[in-house]
Amino acid sequence: MQWIAEWLTKEGPPSSSPLCDFNRLIYELRAGDVLLVEGRSRVSNVIKTITQSTWTHSALYIGRIYDIRDPDLQQRVRMAYKGDLSEQLMVEALLGEGTIIAPVSKYRRDHLRICRPTGLEPEDAHKVVAHAIKHIGTDYDVRHLLDLARFFFPWGFLPRRWRSSLFEHNAGMPTRTVCSSMLASAFNRVNFPILPFIDRDDDGSLRFFKRNPRLFTPKDFDYSPYFDIIKYPFLGLDDLGVYRRLPWCDDDILYNDDERAFVAANRGETVSRVDDRTIFSFTKKDKEKTEPIDDNTPSVPNTTVKGG
């Protein structure tokens with residue numbers, strides 16, 4: 001199973017275009033915050049497809065070790081985490097590793113978002129953190145790992161008895177036992193709502209029902225009306241009209257979600273392949289500078305990319 005986990009969790013390169021200010025974000029974190037991550041691994045791409053969301057992973061921020069009031073919980077963290085204890089720490093569940101303690105700094109180069117439970121009392125925040133810490137060392141669901149691995153094979157290629165429920169109409173269900181179920185159970189412990197079912201009686205009274213923690217995905221914390229969404233963009237817009245001073249380039253140059261071709265063209269380099277979605281535009285002067293890449297590929301100008 002280990003090689004499957006390693007293959008699924010192997011990460012691609014980070015984006016060269018940062019979306020959040022990591023230093024500002026970690027400064028504002030509070031114990032009990034949910035940290036959402038846009039992953040870069042194969043399994044992250046599967047989760048994006050199944051959940052139709054950018055967010056593929058969630059972790060619970062627990063603070064630094066001296067922020068944990070309970071000595072027993074502190075000791076448990078010390079035993080589970082061998083790194084620098086002055087680091088800001090989180091609890092997360094990972095394929096191939098189970099539930100672990102990790103520094104927030106491991107996601108320094110990723111797109112992150114804070115989901116803060118609105119109005120959560122400090123005492124309940126401590127209970128949420130304690131619940132997560134007590135789950136450290138819990139094994140990951142092997143069935144879930146196999147489900148995700150099967151997703152990479154065509155449906156008709158697999159014998160029926162090997163087909164996972166991951167391919168059924170409600171395809172998201174089996175993936176919801178990953179990182180989010182542990183976080184959901186922690187908030188259920190203090191009766192904090194995420195996406196509850198609300199029933200109204202004939203007399204107008206309301207009743208809240210907790211959802212099964214296994215049904216949650218990372219995007220549910222983003223979608224929940226009971227969590228504040230906190231973003232720290234790479235370039236903030238807090239000052240009135242500051243967006244007018246952003247270093248925008250020429251209005252005629254648009255990015256078409258093909259980073260490699262865009263950067264190459266912008267730097268005057270050639271690329272070995274032109275994506276069908278990418279359109280290169282250039283002036284008459286630019287045409288004179290173009291050189292063919294090969295016999296079968298159209299020439300790429302020494303200019304930037306423009307949207308079609």
Pairwise distance [atom1]([X]) to [atom2]([Y]) - rounded to 0.5 angstrom:
{"X": "Ser105", "Y": "Ile26", "atom1": "OG", "atom2": "CD1", "result": "7.5 Å"}
{"X": "Lys231", "Y": "Leu112", "atom1": "NZ", "atom2": "CG", "result": "13.5 Å"}
{"X": "Leu89", "Y": "Ile100", "atom1": "CG", "atom2": "CD1", "result": "11.0 Å"}
{"X": "Asp33", "Y": "Met90", "atom1": "CG", "atom2": "CE", "result": "13.0 Å"}
{"X": "Asp222", "Y": "Arg113", "atom1": "CG", "atom2": "CZ", "result": "4.5 Å"}
{"X": "Glu92", "Y": "Thr99", "atom1": "CD", "atom2": "OG1", "result": "9.5 Å"}

side-chain contact (heavy atoms from CB on, under 4.5 Å) against [X], all qualifying residues, sequence neighbours excluded:
{"X": "Asp203", "value": "Asp201, Ser205"}
{"X": "Asn188", "value": "Lys210, Pro213"}
{"X": "Leu206", "value": "Ile198, Arg200"}

Please find the pair of heavy atoms, one from [X] and one from [Y], that lie closest to each other, and give the distance.
{"X": "Ser224", "Y": "Pro193", "value": "OG-O, 4.4 Å"}
{"X": "Lys219", "Y": "Ser53", "value": "CB-OG, 3.2 Å"}
{"X": "Ala132", "Y": "Leu60", "value": "CB-CD2, 3.5 Å"}

Polar side-chain atom of [X] near backbone of [Y] as donor-acceptor pair, under 3.5 Å:
{"X": "Ser58", "Y": "Pro218", "result": "no"}
{"X": "His135", "Y": "His131", "result": "yes"}
{"X": "Thr118", "Y": "Tyr226", "result": "yes"}

_OH (Tyr223) with more than 12 external heavy atoms under 6.0 Å_ =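 No, OH of Tyr223 has 12 or fewer neighbouring heavy atoms, counting only those of other groups under 6.0 Å.
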*Ile229, Leu25: one ILVMFWY side-chain cluster at the under-4.5 Å cut-off?*
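Result: no, two separate clusters.
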*Do Ile62 and Leu85 share a hydrophobic cluster, counting only Ile, Leu, Val, Met, Phe, Trp and Tyr and linking them when any side-chain heavy atoms are less than 4.5 Å apart?*
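Yes, one cluster joins them.
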Are the side chains of [Y] and [X] in contact, using a 4.5 Å heavy-atom criterion?
{"X": "Val104", "Y": "Phe22", "answer": "yes"}
{"X": "Phe187", "Y": "Pro117", "answer": "yes"}
{"X": "Glu28", "Y": "Ile230", "answer": "no"}
{"X": "Trp55", "Y": "Val37", "answer": "no"}

*Sequence neighbours left out, what pairs pass salt bridge (Lys or Arg N to Asp or Glu O under 4.0 Å) with at least one residue falling in residues 58-81?*
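Residue pairs with at least one partner in residues 58-81: Arg69-Glu123.
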With sequence neighbours excluded, tell me which residues meet side chain to side chain donor-acceptor pair (under 3.5 Å) with [X].
{"X": "Asp202", "answer": "none"}
{"X": "Arg189", "answer": "none"}
{"X": "Lys134", "answer": "none"}
{"X": "Arg108", "answer": "Asn23"}

_Under a 4.0 Å threshold between the charged nitrogen and the carboxylate oxygen, would Arg116 count as salt-bridged to Asp228?_
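Looking at Arg116 together with Asp228, the answer is no, because their closest N to O distance does not fall below 4.0 Å.
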*When clusters are formed from ILVMFWY side-chain contacts under 4.5 Å, directly or step by step, what else is grouped with Phe197?*
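Result for Phe197 is Phe209.
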Residues forming a salt bridge (Lys or Arg N to Asp or Glu O under 4.0 Å) with [X], sequence neighbours excluded:
{"X": "Glu38", "result": "Lys48"}
{"X": "Asp124", "result": "none"}
{"X": "Glu121", "result": "none"}

*Steps toward side-chain contact (heavy atoms from CB on, under 4.5 Å) verdict (Val34, Ile114)*: CA-CA 6 Å; Val34 174; Ile114 298 174; over 6 Å; no
*Would you please say whether a donor-acceptor pair under 3.5 Å links the side chains of Ser180 and Thr217?*
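Their side chains do not contain a donor-acceptor pair, so the 3.5 Å distance test is not met.
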*Determine, stepwise, if the pair Phe216 / Leu195 fulfils side-chain contact (heavy atoms from CB on, under 4.5 Å).*
CA-CA 9 Å; Phe216 284 91; Leu195 290 174; 4.2 Å; yes
*Can the ring centroids of Phe192 and Phe227 be said to lie less than 6.0 angstrom from one another?*
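Distance test on ring centres: under 6.0 Å, yes.
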*Hey, which of Ile101, Leu183, Val129 is the one that makes side chain to side chain contact (heavy atoms under 4.5 Å, CB included) with Val91?*
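Filter result, single survivor: Ile101.
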*Just do the side-chain contact (heavy atoms from CB on, under 4.5 Å) check on Glu87 and Tyr81 with the steps written out, would you?*
CA-CA 10 Å; Glu87 286 262 20; Tyr81 180 66; 4.0 Å; yes
